[in-house]
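A note on names: the letters A, B, ... follow the listed sequences, proteins ahead of strands, and every chain is numbered from 1. Below, all heavy atoms of this structure are taken into account, side chains as well, without hydrogens, waters or symmetry copies.
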2 protein chains.
Amino acid sequence: MAKESKTKYAILGVLSLRPRSGYDIKKFCDDSIAHFWSENYGHIYPVLKQLEQDEWVEKTTEINENKLRNVYTITELGKQMLIEWLSVTPDIPQARYEFLLKMFFSQYISTDIVIERLQKSIEFCKEMKAQYEGIESRAKDKLDDDKYCDSGLSYRYLTVRYGILNLESTIRWCEESISIVKSIKIKEELQ
Amino acid sequence: MAKESKTKYAILGVLSLRPRSGYDIKKFCDDSIAHFWSENYGHIYPVLKQLEQDEWVEKTTEINENKLRNVYTITELGKQMLIEWLSVTPDIPQARYEFLLKMFFSQYISTDIVIERLQKSIEFCKEMKAQYEGIESRAKDKLDDDKYCDSGLSYRYLTVRYGILNLESTIRWCEESISIVKSIKIKEELQ
DNA sequence: CGACCCATGTAAGCAGTTACATGATTGC
DNA sequence: GCAATCATGTAACTGCTTACATGGGTCG
């Protein structure tokens, strides 16, 4: 019952790149994969403990200038489990997109709210897009002088591309929608 | 703590269109809004009970040919709560897109798996797109001879449009990605 | 007579979120 | 002196999923 924790594998993946502390894992999520994955401390630390018990990761404690740091390293077993999970077809999540749910029932609220909401969404998407495009161009640079044939670079590049294409299509949809909602507004005013 | 149940409002929305049984609510979700919202019985029935207690909905029991049917109708209070919820800016969910998470770490698995996965994804998206386009054209027909100026029709149309645009961009991304992964494959074979 | 739709529900249980708690260091 | 960043964790809580349980009707 209940779904298997994906956090486990997300953490394993992050640790596969290099050893990190719980704090670092969170930072990596926020900085590098936030547009398609998120984690929070309240989940990372307990899962890390569990992973250690299962011997999928190993803990080493560093003390630097009175600061305690628990650094976790993926084990051979952990790596195997990660690869096994990666090999399984990802499941398609049950959709739960609140924005569209509200849109679907927006006949009960004023068109002005809806239009403003769509405009805010465009602004937001454009900001995100600019940000992703920064990441994209840096990724492309790295990709261009990749002497080690690191396929990881390509895969990371792909996920950013997804974000950009997705934002572009969302922006287009918002624009299209604004004009439709505006025509609803005009119709209503005529009545 | 923990987020407020969105199921409550989703059910309220569905009942705002017309009274329905729990079974019918589930059907409506599966048939009409599945591409951006899903519910299941194990959640619908308990929430329905709670909504009844809060007097956001009213239960009437029908008996037809030995069959029991509990039909729920939204109350005035329920309608108010729905409108209030609709008026609040929808929150942006924490992204958790397993497909991209696996993609991000795909350097550890064979390119063939990744390519096949992307191809399957294209097929799936195309099927969905064809389906949505059917809904879209029917929605457009209704919209064209809309004598009652029912803005609901337009909003429902918009959500389908979102689905279509989104699928198109996903398909484009998959195609782009396949060619990149194929070039990774070729590089690897050269080594 | 088996499969599938109609119809309602309960129970178990995990996943994940939010808030709380603590404390050192760095830089403005 | 205050805010931000580094750093680790716990507690409470709920939302949602899955599996289970039951039974009648219909159609081929």
| task | Check the side chains of B/Tyr72 and B/Ser21 for a donor-acceptor pair under 3.5 angstrom, ignoring hydrogens and angles. | result | no

* Asked: Taking OP1 and OP2 of D/dC6, is either one under 4.0 Å from a side-chain nitrogen or oxygen of A/Tyr23?
  -> yes

Rounded to whole Å, CD of B/Glu4 lies from C1' of C/dG16 at a distance of 17 Å

When rounded to whole Å, the OH to C1' distance for the pair B/Tyr41 and C/dA11 reads 18 Å

| request: Kindly say if A/Thr7 contacts the phosphate of C/dG16, meaning a side-chain N or O under 4.0 Å from OP1 or OP2. | output: yes

With the side chain defined as heavy atoms from C-beta on, B/Lys27 is closest, among C/dC6, D/dC6, C/dG9, to C/dC6

Between B/Arg96 and B/His43, whichever has its closest DNA chain C nucleotide further toward 5' is B/His43

Residue set satisfying salt bridge (Lys or Arg N to Asp or Glu O under 4.0 Å) with A/Arg117, at least two apart, ordered chain then number -> none

Separation of D/dG9 atom P from A/Glu52 atom CD, nearest Å, is 10 Å

task: Would you indicate whether the side-chain heavy atoms of B/Glu52 and B/Val47 approach each other to under 4.5 Å?
output: no

Determine: side-chain N/O of B/Ser21 to OP1/OP2 of C/dT8, distance under 4.0 Å, yes or no. yes

When rounded to whole Å, the CG to P distance for the pair B/Asp24 and C/dT8 reads 7 Å

A/Asn40 atom CG is separated from D/dT14 atom C1', nearest whole Å, by 14 Å

When rounded to whole Å, the CZ to P distance for the pair A/Arg20 and D/dA7 reads 12 Å

Would you mind checking if A/Glu168 and A/Arg172 are paired as a salt bridge, meaning a charged N to carboxylate O distance below 4.0 Å? no

note: A/Glu39, atom CD; D/dT8, atom P; distance rounded to Å ~ 16 Å

Per-helix bend value, the helix from C/dC1-D/dG28 to C/dC28-D/dG1, C1' rotation axes over five pairs per end, 10° rounding, shows 40°

Here the salt bridge (Lys or Arg N to Asp or Glu O under 4.0 Å) pairs for residues 90-113 of chain B, sequence neighbours left out, are A/Lys6-B/Glu98, A/Glu39-B/Arg96, B/Lys6-B/Asp91, B/Glu98-B/Lys102, B/Asp112-B/Lys185

* So what does B/Lys49 hit on the nucleic acid, given a heavy-atom distance under 4.0 Å: a base, only sugar-phosphate, or nothing? -> sugar-phosphate

is_close_aromatic(A/Phe99, B/Tyr162), centroid dist under 6.0 Å: no

> Any side-chain heavy atom of A/Ser177 within less than 4.5 Å of one from B/Arg161?
Replying inline: no

Check the phosphate of C/dG16 against A/Ser5, side-chain N and O only, distance under 4.0 Å to OP1 or OP2. Yes or no? yes

Taking the six-membered ring for Trp and the single ring otherwise, decide whether the centroids of A/Phe36 and B/Phe104 are under 6.0 Å apart. yes

Check your understanding: When all nucleic acid strands are considered with a 4.0 Å heavy-atom cut-off, which category describes B/Gly22: base, sugar-phosphate, or nothing?
Key -> sugar-phosphate

Rounded to whole Å, CG of B/Asp30 lies from P of C/dC5 at a distance of 12 Å

Worksheet item: OP1 or OP2 of C/dT8 less than 4.0 angstrom from a side-chain nitrogen or oxygen of B/Tyr45, does that happen here?
Response: yes

Check whether any side-chain nitrogen or oxygen of A/Lys6 sits under 4.0 Å from OP1 or OP2 of C/dA15, and answer yes or no. no

